[in-house]
Number of protein chains: 2
Amino acid sequence: MNLTFRQLKVFEAVARHLNYTNAAKELHLSQPAVSMQVKQLEEQVSTPLIEKLGKKLYLTEVGLEIQDYACNTLQQLVDLEETIAQMKSMKRGHLKMAVASTANHFVIRLLASFAKVYPRISISLDVTNRSSLLELLEKNECDLVIMGSPPEGHNLQSAPFLENPLVVVSNPHHYLADKKHVSLQELEKEDFVVREQGSGTRSAAKRFFTEHNLKFKTKMNMSNNRAIKHAAEEGLGLAIVSVHTLEIELKAKTLKILNVEGFPIFRNWYVVQREGKRLSPIAKVFNEYILQESDNMMQNFDIPHF
Amino acid sequence: MNLTFRQLKVFEAVARHLNYTNAAKELHLSQPAVSMQVKQLEEQVSTPLIEKLGKKLYLTEVGLEIQDYACNTLQQLVDLEETIAQMKSMKRGHLKMAVASTANHFVIRLLASFAKVYPRISISLDVTNRSSLLELLEKNECDLVIMGSPPEGHNLQSAPFLENPLVVVSNPHHYLADKKHVSLQELEKEDFVVREQGSGTRSAAKRFFTEHNLKFKTKMNMSNNRAIKHAAEEGLGLAIVSVHTLEIELKAKTLKILNVEGFPIFRNWYVVQREGKRLSPIAKVFNEYILQESDNMMQNFDIPHF
DNA sequence: TGTTACCATAAGCTATAGCTTATGATATAT
DNA sequence: ATATATCATAAGCTATAGCTTATGGTAACA
């Protein structure tokens, strides 16, 4: 059995009018064209669908069944078109983002303001560490990723879009906290609370220490920023974190930024996508949006002086 | 937008395999044939549905939407085929019958035994009088009608299939009840309880009286047979009814058949359909069934002697 | 680096979908 | 009986759906 949408469309019109001529007018066709479509449909199901008694037309039982089917199917087609149109015009759709833990703070802001502009868009946001992000990209399980240091050799495309100053923080009562200037030698002696393996912040810090031939005493490692900051607040060690994560703590004065030689380390945030990936319309727009909005974001962050 | 079932079918296979070559094998097509169908579908919705990242294929958002749609639509098509097949093989379907009130008794029996053979067939049975039956046929609102005397000039096709003996009945204590023989002259003096205008039984009786130049004193008329018989039982008058309606009353001896000159009037039951009407498979089978079964029915009815 | 697997593209062919106009058949109305 | 409305059928045309084979491009992989 090999129906066509055309057959259904024409049959539906005939079934509704119970009159070939009028159906033909509605469809802007000649009457024989309509007769032929119906006839072909009848041949497909090899059973009559319409019978003519005297002057009037009646649907047979199978005819009624097919009328019902045709109505549904055609309606679903309309719905599909509508859905696709909405997706294309970004009235609907799904945006799959993933961000490094550290970026969480400001990305959420971006998403929130973006969501206001496109209210019917659903968004999924995966907050995880660097290596998981790469995996997500690899599996094509997200549209865009926001992360630190541009990864190479993974067929990725990345664009820097926001500065990410890493600073050293401590409990305000730490003996280094009030020093005007902290040297790297002094820093080397301290214990650090750091993120787990795979974290971008961690590897950036590590790189800094190696580049300056310093020991990097990592006393504890934990898998989220809040925990690290809490540990630093409790005096368990110093921490190296992005300024972007510090808003509350600075306001509450539970942490203090140390004025260490060579800090802040200015890294960048990158918007990363898979090379060759054709972004969905909504992802494309969001991509542009964040590049543009990042400027405004910068201004709203008070990068603290020392 | 002008999708085809073919496009959906092919796309569905590709979306499932995420591999053109394998989809082509499944569909017994060349690989380019599959590529082309997908490409055409993409052109129809003017948006990409599949993207190739490295070696792997992924569905875009719209692609997922269409996959979902295709699955549903194709499944519904299968369901439709199944339904039609069942209708054709009479596993399913609907039989629309209408019968004269008087025929109700034995038609119900026929339907009951028929329904056992075709359990998933639904049946509607309209029990009404002669003129309503003709109207139902006129409007093509039923498949078959069972009624008395063949109507003419209505573009109807009818086949006689069962004898319908009309007899005169009375309360057993009626003074005519015990007479060996009742003459028409004696009958003429009696009051009759009859069916309403439009009833076949009524007009048959009326015809009998006119043909024999007799007065026909119709004391009461009522619109159903049970009421008429009840009235006769109560001694309100004689009644002329089909033997087929008398089973219980004869057994209970609440009514008695009078041995009147010229009675029983042998009319026939007819199966009637609209001329040119192509019966549904199930109606066709039922039509044959009742013609065949009517013989058995005859034997089960004791036509009483006088 | 060459090989392999896989998809895209091109060229070319055939069957037929799909339409039209013209005409025939039939039931109803006048 | 004649006219009218309506559907069926026929003939004929065009565009193209849909397939094939051949070939080219490109990741991944050894």
Side-chain angles (χ1 to χ4, degrees), chain A residues 1-11 13-15 17-44 48-60 63 137-140 153-157 274-278, chain B residues 1-11 13-15 17-44 48-60 63 137-140 153-157 274-278:
Chain A
M1 200 163 86
N2 207 356
L3 311 187
T4 68
F5 279 105
R6 182 116 200 95
Q7 285 163 5
L8 292 179
K9 214 170 286 178
V10 172
F11 175 75
V14 175
H17 288 272
L18 286 175
N19 178 309
Y20 285 74
T21 310
N22 294 345
K25 278 176 195 157
E26 177 182 307
L27 298 165
H28 304 291
L29 286 177
S30 65
Q31 168 263 313
V34 173
S35 291
M36 286 162 73
Q37 289 291 339
V38 172
K39 196 180 168 192
Q40 281 175 25
L41 184 55
E42 288 182 327
E43 275 165 17
Q44 289 299 328
L49 304 179
I50 294 182
E51 68 175 341
K52 197 182 171 181
L53 291 181
K55 216 170 181 176
K56 273 193 184 168
L57 298 183
Y58 300 90
L59 297 182
T60 64
L137 281 169
E138 181 63 34
K139 291 188 188 160
N140 196 31
H154 277 74
N155 298 330
L156 297 175
Q157 235 179 344
R274 218 176 136 154
E275 201 169 59
K277 162 114 179 157
R278 212 158 11 183
Chain B
M1 200 162 86
N2 208 357
L3 311 186
T4 69
F5 280 106
R6 182 116 200 96
Q7 285 163 4
L8 292 179
K9 213 170 286 177
V10 172
F11 174 75
V14 175
H17 288 271
L18 286 176
N19 179 309
Y20 284 73
T21 311
N22 294 345
K25 278 177 195 157
E26 176 182 308
L27 298 165
H28 304 291
L29 285 176
S30 65
Q31 168 262 313
V34 173
S35 291
M36 285 163 72
Q37 289 291 339
V38 172
K39 196 180 169 191
Q40 281 175 25
L41 183 55
E42 288 181 327
E43 275 165 16
Q44 289 300 327
L49 303 179
I50 293 181
E51 66 175 341
K52 196 181 172 182
L53 291 181
K55 216 172 181 174
K56 273 192 184 168
L57 298 183
Y58 300 90
L59 297 183
T60 65
L137 281 169
E138 181 64 32
K139 292 190 189 160
N140 195 32
H154 277 73
N155 297 331
L156 297 175
Q157 235 178 345
R274 221 180 133 150
E275 200 170 61
K277 162 116 178 157
R278 212 158 11 183

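So that the names make sense, note that chain A is the first sequence line, chain B the second, and so on, each numbered from 1.
Between B:T4 and the phosphate of D:dA17, there is no side-chain N or O to OP1/OP2 separation shorter than 4.0 Å. OP1 or OP2 of C:dC6 has not a single side-chain nitrogen or oxygen of B:T21 nearer than 4.0 Å. Considering only side-chain N and O atoms, A:S30 lies under 4.0 angstrom from the phosphate OP1 or OP2 of C:dT20. Remark: B:N19 is not in phosphate contact with C:dA5, judged by side-chain N or O atoms under 4.0 Å from OP1 or OP2. Taking 4.0 angstrom as the limit, A:Q7 places none of its side-chain polar atoms (N or O) nearer than this to OP1 or OP2 of C:dA17. The side chain of B:S35 places no N or O atom within less than 4.0 Å of a non-bridging phosphate oxygen (OP1 or OP2) of C:dC7.
Side-chain contact between B:K56 and B:L18 is absent, with no heavy atoms from C-beta onward closer than 4.5 Å. B:V34 is not listed as a side-chain neighbour of B:Q31, based on a closest heavy-atom distance of 4.5 Å or more. Contact annotation: the side chain of B:Q40 never approaches that of B:F11 to less than 4.5 Å [non-hydrogen atoms, C-beta and beyond].
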CA sep, side-chain torsions, deciding dist, call: B:N140, A:E51, side-chain contact (heavy atoms from CB on, under 4.5 Å): CA-CA 10 Å; B:N140 195 32; A:E51 68 175 341; 3.7 Å; yes
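Of the candidates D:dC7, C:dT9, D:dG18, the closest approach to any side-chain atom of B:K39 belongs to C:dT9. For A:P32, counting side-chain heavy atoms from C-beta on, the closest listed nucleotide (C:dT20, C:dC7, C:dG18) is C:dT20.
Summary of helix geometry: the two end axes of the helix from C:dT1-D:dA30 to C:dT30-D:dA1, each defined by five base pairs via their C1' atoms, are inclined to each other by 30° (rounded to 10°).
Per the geometry, CE belonging to A:M36 stands 13 Å off P belonging to C:dT21, to the nearest Å.
Nearest-nucleotide mapping onto DNA chain C: of A:K52 and A:Q31, the residue sitting toward the 5' end is A:Q31. Two residues, B:K55 and B:R274, neighbour DNA chain C, and the one matched to the more 5' nucleotide by heavy-atom proximity is B:K55.
B:L27 and B:A13 make their closest contact through CD1-CB, 4.0 Å (heavy atoms, listed as atom of the first residue, atom of the second, distance).
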